[in-house]
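Have a look at the structure below, then the notes.
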Amino acid sequence: MVFRSRRCLTEAYPCAARLILVFGGRSVDCIRDLLVNELIVRFALGGVAVSLFSALAEIFKPKSFSGILGAAPAVALVSLGLTFEQRGNSVVRDHGLGMICGGVGFLAYACACVFTTSNQRLPVWVGAAVCWAFWFLVAAAAWLTVKPS
Amino acid sequence: MKPKVDLSGLTKPKAWEHALRFLFGGIVALIASVTSKALGDFVGGLALAFPAILPAALTLVKEHDGRKQATEDARGARYGALGLIGFAAVIYLCASQGPTIALPLAMLTWATIAVSAWWIGDGRQT
């Protein structure tokens with residue numbers, strides 16, 4: 001699908017309007033190429049980072065110790081590294097504030113997972129998926145508390 | 001209780017399980033990037049701490065080692081989450097210093113908090 005005009009692109013992808021502002025006067029095709037290339041790089045590096053941390057988790061015992069790596073900031077490390085390079089320190093600072101809220105939600109999520117995973121009647125993946133609600137609730141509450149005006 | 005290294009654990013997961021983890025990691029990175037651009041950098045940071053990989057990890061541990069070990073894995077993730085909050089706080093406070101200082105310092109903070117919390121919570125028990 002080739003976009004012939006900015007209007008066409010922004011109607012299809014509303015978030016592209018913001019990107020067009022970011023990239024200034026470059027052509028639509030150029031913007032699309034940059035977008036696709038960036039997403040491919042982020043996908044590949046995010047996948048590699050998670051695979052490496054998961055492999056590391058496999059070699060440690062006991063499980064309560066290797067479980068630490070289940071909450072490793074693998075994707076964050078890659079994403080923040082790229083964001084430092086592309087968008088500067090102040091954007092990373094905003095990401096950090098958001099991550100504090102998300103991290104509090106993650107803690108609530110992991111605590112809830114201990115209960116659902118130990119429940120014999122509940123399939124592990126169902127319990128873990130249901131616990132996402134805890135992450136959303138706690139992260140949203142933290143976000144509402146500290147969000148920048 | 002001391003943590004032990006057992007390299008034979010690397011041969012336990014099947015190829016499709018490695019592929020699944022790669023896929024999940026890639027998808028989370030994409031979601032964080034698109035969220036950041038569409039909804040703002042603060043929300044993008046929230047997405048970076050979304051627990052997308054843990055459900056798959058717990059399910060795979062349960063398949064390989066049983067439910068008790070999967071519960072132990074979830075217990076460990078609590079300590080990792082504490083470290084994750086420390087990681088984010090360091091990024092927030094030290095972002096102005098640049099990636100060469102902020103990122104290694106944040107990772108060191110994550111590891112220190114997570115391992116210390118594990119030691120206090122589980123490691124001291126025999």
Side-chain angles (χ1 to χ4, degrees), chain A residues 15 18-19 39 42-43 46-47 49-51 54-55 58-68 70-81 84 89 91-104 106-107 109-111 113-114 117-118 124-125 128-129 135 139 143 147-148, chain B residues 1 3-7 9-10 12-13 18 21-22 24-26 28-30 32-33 37-38 41-46 48-51 53-55 57-59 62 69-82 84-85 87-89 91-92 95-96 98-99 103 110 114 118 122:
Chain A
C15 69
R18 187 186 288 261
L19 280 174
L39 292 181
R42 282 181 186 265
F43 180 87
V50 167
S51 298
S54 298
E58 295 291 346
I59 66 172
F60 282 114
K61 287 180 177 177
K63 277 289 172 195
S64 66
F65 185 80
S66 63
I68 289 172
V75 173
L77 198 60
V78 167
S79 292
L80 293 175
F84 261 121
N89 299 355
V91 173
V92 173
R93 192 169 179 271
D94 287 344
H95 278 319
L97 188 58
M99 266 194 82
I100 293 174
C101 299
V104 174
F106 201 125
L107 182 59
Y109 174 83
C111 290
C113 273
V114 174
T117 307
S118 60
V124 169
W125 68 271
W135 182 85
W143 176 50
K147 75 172 177 178
Chain B
M1 190 190 324
K4 291 173 187 166
V5 173
D6 179 12
L7 292 176
L10 283 173
K12 210 184 283 181
H18 287 298
R21 285 164 174 166
F22 179 87
F24 268 59
V28 175
L30 283 189
S33 177
K37 277 163 184 156
D41 298 320
F42 186 81
V43 182
L46 270 178
L48 287 176
F50 181 72
I53 298 143
L54 196 56
L58 292 178
T59 306
K62 194 253 176 186
Q69 291 300 308
T71 307
E72 287 297 304
D73 205 60
R75 283 169 61 85
R78 294 179 310 173
Y79 307 128
L82 278 175
L84 191 64
I85 297 169
F87 175 95
I91 290 293
Y92 177 68
S96 59
L103 290 177
W110 171 77
W118 174 81
D122 284 356

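Chain letters run A, B, ... following the sequence lines, proteins first, then strands; residues in each count from 1. Worth saying up front: this structure is predicted, and the values here are computed from it rather than measured.
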Under 4.5 Å from a heavy atom of chain B, the part of [X] involved:
{"X": "A:F65", "value": "both"}
{"X": "A:F84", "value": "side chain"}
{"X": "A:W135", "value": "side chain"}

So do [Y] and [X] actually touch side chain to side chain, heavy atoms under 4.5 Å?
{"X": "B:F42", "Y": "A:C101", "result": "yes"}
{"X": "A:W143", "Y": "A:V104", "result": "no"}
{"X": "B:D73", "Y": "B:K62", "result": "no"}

Among [options], which residue forms the greatest number of heavy-atom pairs with chain B at distances under 4.5 Å?
{"options": "A:A139, A:G67, A:G70", "value": "A:G67"}
{"options": "A:A49, A:S51, A:G81, A:A129", "value": "A:S51"}
{"options": "A:G98, A:S79, A:A128, A:S118", "value": "A:G98"}
{"options": "A:S66, A:P62, A:A74", "value": "A:P62"}
{"options": "A:S64, A:S54, A:G102", "value": "A:S64"}
{"options": "A:V50, A:I68, A:V91, A:I100", "value": "A:I68"}

Contact summary for [X] and [Y], nearest pair of heavy atoms:
{"X": "B:L84", "Y": "B:A49", "result": "CD2-CB, 4.1 Å"}
{"X": "B:A95", "Y": "A:V92", "result": "CB-CG1, 4.1 Å"}
{"X": "B:A32", "Y": "B:L48", "result": "CB-CD2, 3.5 Å"}
{"X": "B:G45", "Y": "A:M99", "result": "O-CG, 3.1 Å"}
{"X": "A:N89", "Y": "B:G98", "result": "ND2-N, 4.0 Å"}

Between [options], who has the most heavy-atom pairs with chain A when the cutoff is under 4.5 Å?
{"options": "B:I85, B:D6, B:I91", "result": "B:D6"}
{"options": "B:E72, B:R75, B:H18", "result": "B:E72"}
{"options": "B:D41, B:V43, B:L103, B:V5", "result": "B:D41"}
{"options": "B:A114, B:A29, B:P3", "result": "B:P3"}
{"options": "B:A77, B:G44, B:P99, B:A70", "result": "B:P99"}
{"options": "B:L7, B:L58, B:T71, B:T59", "result": "B:T71"}

As an exercise, state the distance from CZ of B:R78 to CG of B:L82, rounded to the nearest 0.5 Å.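 So the CZ of B:R78 and the CG of B:L82 are separated by 9.0 Å.
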
Chain A contact via [X] - side chain, backbone, both or neither, heavy atoms under 4.5 Å:
{"X": "B:F87", "answer": "side chain"}
{"X": "B:A57", "answer": "neither"}
{"X": "B:K4", "answer": "both"}
{"X": "B:V28", "answer": "both"}

Quick one, A:V75 with B:F50, criterion side-chain contact (heavy atoms from CB on, under 4.5 Å). Give me CA distance, side-chain angles, the key distance, then yes/no. CA-CA 10 Å; A:V75 173; B:F50 181 72; over 6 Å; no

